Structure formats: C-alpha cells, structure tokens
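See structure below.
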Amino acid sequence: MSSYIIEGGKRLNGEIDISGSKNASLPIMAASILNKGITKLYNVPDIHDTKMMIEILKSLGCKVKKNKNKVVIDSKNITKYEIPENLMHQMRSSVIFAGAILGRYKKAIFSYPGGCDIGARPIDLHLKGFEKLGVNVNQNYGKIECSLDRFTPNEVNLDFPSVGATENIMLLATLGNGITTIVNAAMEPEIEDLALFLNKMGANIKGAGTNIIKIIGVRKLNDVSYNIMPDRIETGTFLCATAITGGETILKKVNNSHINPIIEKLRESGCIIEINNNELYIKAPKRLKAIDVKTMPYPGFPTDMQSIIGATLCVANGTSIITENIFENRFKYINELQKMGAKIKTEGRTAVIKGCRKIYGAQVNATDLRGGASLIIAGLIAKGITKINNIDYILRGYERIDRKLQILGAKIYLA
Ligand code: UD1
C-alpha cells in the first residue's frame with residue numbers, strides 16, 4: 001500500500017471543483033441493471049469503490065465502458081444473479097445489488113458484504129424488508145439465497161432509517177406489482193438522487209428525501225442518461241481542510257442545500273461561509289473555536305464527517321465534545337491522532353477533544369476511509385512531516401484528494 005507524505009503548516013488558498021458523490025454513484029450503478037438497456041452516467045467519481053462496482057456489473061454480464069467520469073452500462077444481456085464472494089467482500093455497497101438483481105431476476109445469491117470496519121454493519125433490515133415484500137431468504141454458511149415467487153406490495157417500517165436498506169427496498173419495489181411504502185425511510189440526499197435517477201428511467205417513486213417513500217411499481221423501464229449529484233462529504237472534507245489551516249477557498253460544483261449541518265458547525269467555530277448557487281466560499285479564522293457535534297441521520301450532522309471534524313477540532317481553542325450515534329466503532333482514528341499529540345479521550349460513544357495550539361507530524365495509519373481523511377486534515381496543520389500509511393482506504397472514496405489539496409497550496413505527496 002502507498003503512503004501520503006504531508007509537510008504541515010501551509011494555509012489553503014484557491015479554488016477547486018468537487019467531484020460526484022460516491023454514495024450516490026454506488027446504488028445508481030447497481031440500479032442500472034433494472035433496465036434491460038443502456039445507462040449513461042456522468043460525474044461518477046474515479047475512485048476505487050466505483051471501479052469495484054464496475055467489476056461486479058461485468059461479473060453479472062454487463063458491458064461497461066468508462067471514460068474518466070463517464071460510465072456507460074449496457075445491461076441487456078445479463079446472465080448471472082450471483083455476486084462473486086471476493087467482490088462482495090471488497091465493499092459494503094455490494095449489498096445494494098441484491099435489491100436490483102432480485103428486481104430483475106426474482107432471485108439473487110450473495111454473501112455478507114465487506115467495507116470499512118466502523119461497526120457491526122448488519123444487513124438484517126435489508127433482509128426483513130425483502131421478506132415483507134414476498135422474498136424467501138435462506139442463509140447457509142454465510143451465503144444468502146433470495147427468491148421471489150410473487151412480489152407482495154406492502155408497508156415496510158424500518159426500525160432505523162438505514163440508508164442501504166431504504167435503497168435496497170426501493171430497488172426491489174421499482175418493478176414490483178403494486179404500491180410499496182417505506183416508513184421511517186432514510187432521508188439522505190443520496191436516496192433522493194437514486195429516486196431521481198430511477199424516475200428518469202421510468203420508475204414512479206414519490207417522497208424520496210422524506211421519511212415516507214412510496215414506490216408505485218412499473219412494468220418497464222427505459223434507457224437513461226444521468227448526472228450524479230456532488231459529493232457532500234468531499235465538500236465537508238475540503239471545508240474542514242480550509243478551516244484547520246486558517247485558509248480561504250472556494251469550492252465549486254457543490255450542492256449547497258445538502259451541507260447545512262456542516263456549514264452551521266463550521267460557522268459556530270468561527271468560519272465565514274458564503275453560499276452562492278453551486279459555489280461555497282469559506283474564510284477561516286486564525287484559530288477555530290471549540291464546538292460540540294452529535295452525529296445523526298440526515299438532516300443531522302453526518303457520521304461520515306465525524307472523524308474529519310474531530311481532527312479539525314484538535315487545534316481549536318477550548319474543549320469540544322463529539323458524540324457518535326450511528327456507528328459504534330468510528331473512533332479508531334483517535335489513536336492515530338494521539339500519536340500526533342492531539343489531546344482526545346473517548347468514553348463509549350463520546351470523544352472529548354482538548355484543543356491544543358500545536359500538533360506534530362508523525363507516522364500514522366489510515367484505519368478506514370473517513371478516518372484516513374481525518375489524518376490528512378491533521379497533517380495539514382501539524383508541525384513537521386506526517387506520513388500516512390494504508391492510504392488505499394482513502395483512495396476508496398476520494399478522487400485525487402492529494403492533487404486537489406496541492407491546487408490549494410498544500411504540500412502533500414504520494415510515496
Ligand atoms: C451509508 C453510507 C455510509 C454512511 C451511512 C450512514 C453508502 C455507500 N454508505 O452506509 O457512508 O456512513 O450510510 O449515513 O451510502 N443497520 C442495522 N441493520 C441493517 C442496516 C443498518 O442495524 O440492516 C445499522 C448500522 O449498523 C448502523 C446504522 O444502521 O448503525 C446506519 O447504517 P446504514 O444507514 O444502513 O448505513 P449504510 O447504508 O451501510
């Protein structure tokens with residue numbers, strides 16, 4: 001695995017474009033197989049996770065062409081309904097194929113998905129939702145075999161507004177016979193993007209973005225071209241990168257309506273942020289103020305930003321408290337930040353961060369995608385050189401983060 005070397009202390013300045021959303025691209029790529037035809041996707045981030053999705057699509061029999069951020073999927077002649085185990089283990093989002101394959105083939109075979117180790121990450125809500133809609137689920141030695149004799153339209157009440165379960169149920173119900181209602185659905189913008197994509201493809205989905213989604217089954221879908229929404233977590237990452245360095249940047253091609261919770265927290269910590277259509281301007285103070293952050297399902301503060309804001313607050317003035325309410329194992333990055341001199345203590349779901357004037361470069365290890373990004377944030381302000389190992393985790397979700405930071409004046413190199 002390669003590493004990043006960061007020479008800390010450079011104030012970020014300048015402008016960059018934000019890439020397409022990873023978490024919107026993955027389910028939309030899976031959804032493409034519902035239509036026996038051609039899907040053209042634009043603004044797909046060129047990252048490891050989208051490449052893995054292409055591998056799964058190919059393994060099912062799709063023809064896929066990729067040119068930078070454009071991906072064309074031809075799913076006319078899919079022959080398989082089993083997701084290979086090795087690909088399943090590479091990433092969590094592979095489970096989203098289950099709903100799409102079932103929707104098209106009425107049967108699907110897959111295994112427990114892999115992905116970042118940030119908590120237990122069960123798929124019970126996905127499977128319960130499937131069963132409620134008439135799917136027979138059989139589990140054998142880690143293999144999950146699903147078959148659907150007759151789709152039963154129903155109301156699916158989610159115990160928790162799981163993003164993945166909401167998406168999987170939407171995918172299964174798109175070609176289902178009758179009206180499926182998801183109650184306590186996840187309201188994340190990526191769910192809305194998936195619904196916009198599916199509706200453009202001929203589906204009839206109402207209420208995506210609220211906690212009640214109605215999927216009125218259709219018989220047939222059509223070919224579609226779709227532009228993926230901007231990545232709100234990448235946007236938040238660059239806001240924090242600017243904030244920690246006392247910088248001043250403009251982020252272009254963003255969707256400002258998706259990132260209010262992040263903007264509000266950074267304003268509270270002393271940043272000036274101006275919103276202008278699809279651009280964001282941020283000017284950070286010399287030293288940030290400590291703030292408290294609690295992660296919540298959307299529209300709350302996103303769990304994917306928890307480690308990134310955590311690293312940002314390491315050098316704030318005062319003590320910040322962070323509470324992680326979504327994933328129980330999302331504090332692993334803190335051990336690494338401690339190696340850089342950060343003063344953080346954790347107790348259960350809470351982290352107490354005593355802001356210090358300086359943190360120091362060290363050799364650290366990325367522990368997961370967003371945890372890895374948090375080490376970059378810390379490295380940008382640390383005195384001396386930071387070496388981040390295991391950056392493959394970071395490459396899963398960020399398109400050329402090193403290049404974009406270089407454009408803003410950071411000294412970060414691939415080693
Ligand atoms: C998605 C995002 C991830 C983000 C997360 C929460 C993608 C590709 N990933 O992940 O970046 O951090 O939403 O915003 O979009 N749960 C269960 N049973 C289930 C499913 C989930 O108990 O069947 C629990 C999980 O353990 C977790 C919580 O629900 O505690 C949220 O998980 P979920 O919303 O499903 O996250 P993902 O879809 O995996």
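Just so you know, these numbers come straight off a predicted model, no measurement behind them. Counting starts at 1 for both ligands and their atoms, in listed order.
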Hey, can you tell me if Tyr226 and Phe197 have their rings parallel, tilted or perpendicular (30° and 60° cut-offs)?
-> perpendicular
Tell me, please: is Arg330 in heavy-atom contact with ligand 1, that is, under 4.0 Å?
-> yes
Run the contact test for Glu190 against ligand 1 with a 4.0 Å cut-off on heavy atoms, strictly below, and give the result.
-> no
Side chain, backbone, both or neither: which part of Asp304 comes within less than 4.0 Å of ligand 1 when only heavy atoms are counted?
-> side chain
Subset of ligand 1 atoms that lie under 4.0 Å from at least one heavy atom of Phe160 = 28 (C), 29 (O), 31 (C)
Minimum non-hydrogen distance to atom 22 (O) of ligand 1, winning option of Ala24, Gly164, Pro122 | Pro122
From the list Ile394, Asn390, Ile388, side-chain contact (heavy atoms from CB on, under 4.5 Å) partner of Leu375 resolves to Ile388
Salt bridge or not for Arg330 and Asp368, using N-O below 4.0 Å?
-> no
More than 12 heavy atoms from other groups under 6.0 Å of NZ on Lys354 | no
Looking only at N/O atoms, are Ser162 and ligand 1 under 3.5 Å apart anywhere?
-> yes
Short N or O distance, Leu125 and ligand 1, threshold 3.5 Å exclusive | yes
Do any N/O atoms on Asp124 end up under 3.5 angstrom from N/O atoms on ligand 1?
-> yes
Do ligand 1 and Asn23 have nitrogen or oxygen atoms that lie under 3.5 Å from each other?
-> yes
Taking heavy atoms and a distance under 4.0 Å, where does Ser93 meet ligand 1: side chain, backbone, both or neither?
-> side chain
Is it true that Lys22 and Glu234 make a salt bridge, defined as a side-chain N closer than 4.0 Å to a carboxylate O?
-> no
Can you find an N or O of Pro161 that's nearer than 3.5 Å to an N or O of ligand 1?
-> no
Please identify which atoms of ligand 1 are closer than 4.0 Å to at least one heavy atom of Thr303.
-> 6 (C), 12 (O), 14 (O)
Minimum heavy-atom distance Ile244-Ala378, with the two atoms named = CD1-CA, 4.5 Å
Output yes when Lys65 and Asp74 qualify as a salt bridge under the 4.0 Å nitrogen-oxygen rule, no when they do not.
-> no
Going by the 4.0 angstrom heavy-atom rule, the piece of Ile233 near ligand 1 is neither
Heavy-atom contacts under 4.0 Å between Val163 and ligand 1: side chain, backbone, both, or neither?
-> both
Specify the closest pair of heavy atoms between Thr166 and Ala186, including all atoms of both residues, with the distance to one decimal.
-> OG1-N, 3.1 Å
Is the backbone of Tyr42 close enough, under 3.5 Å, to the side chain of Asn69 for a donor and an acceptor to pair up by distance?
-> no
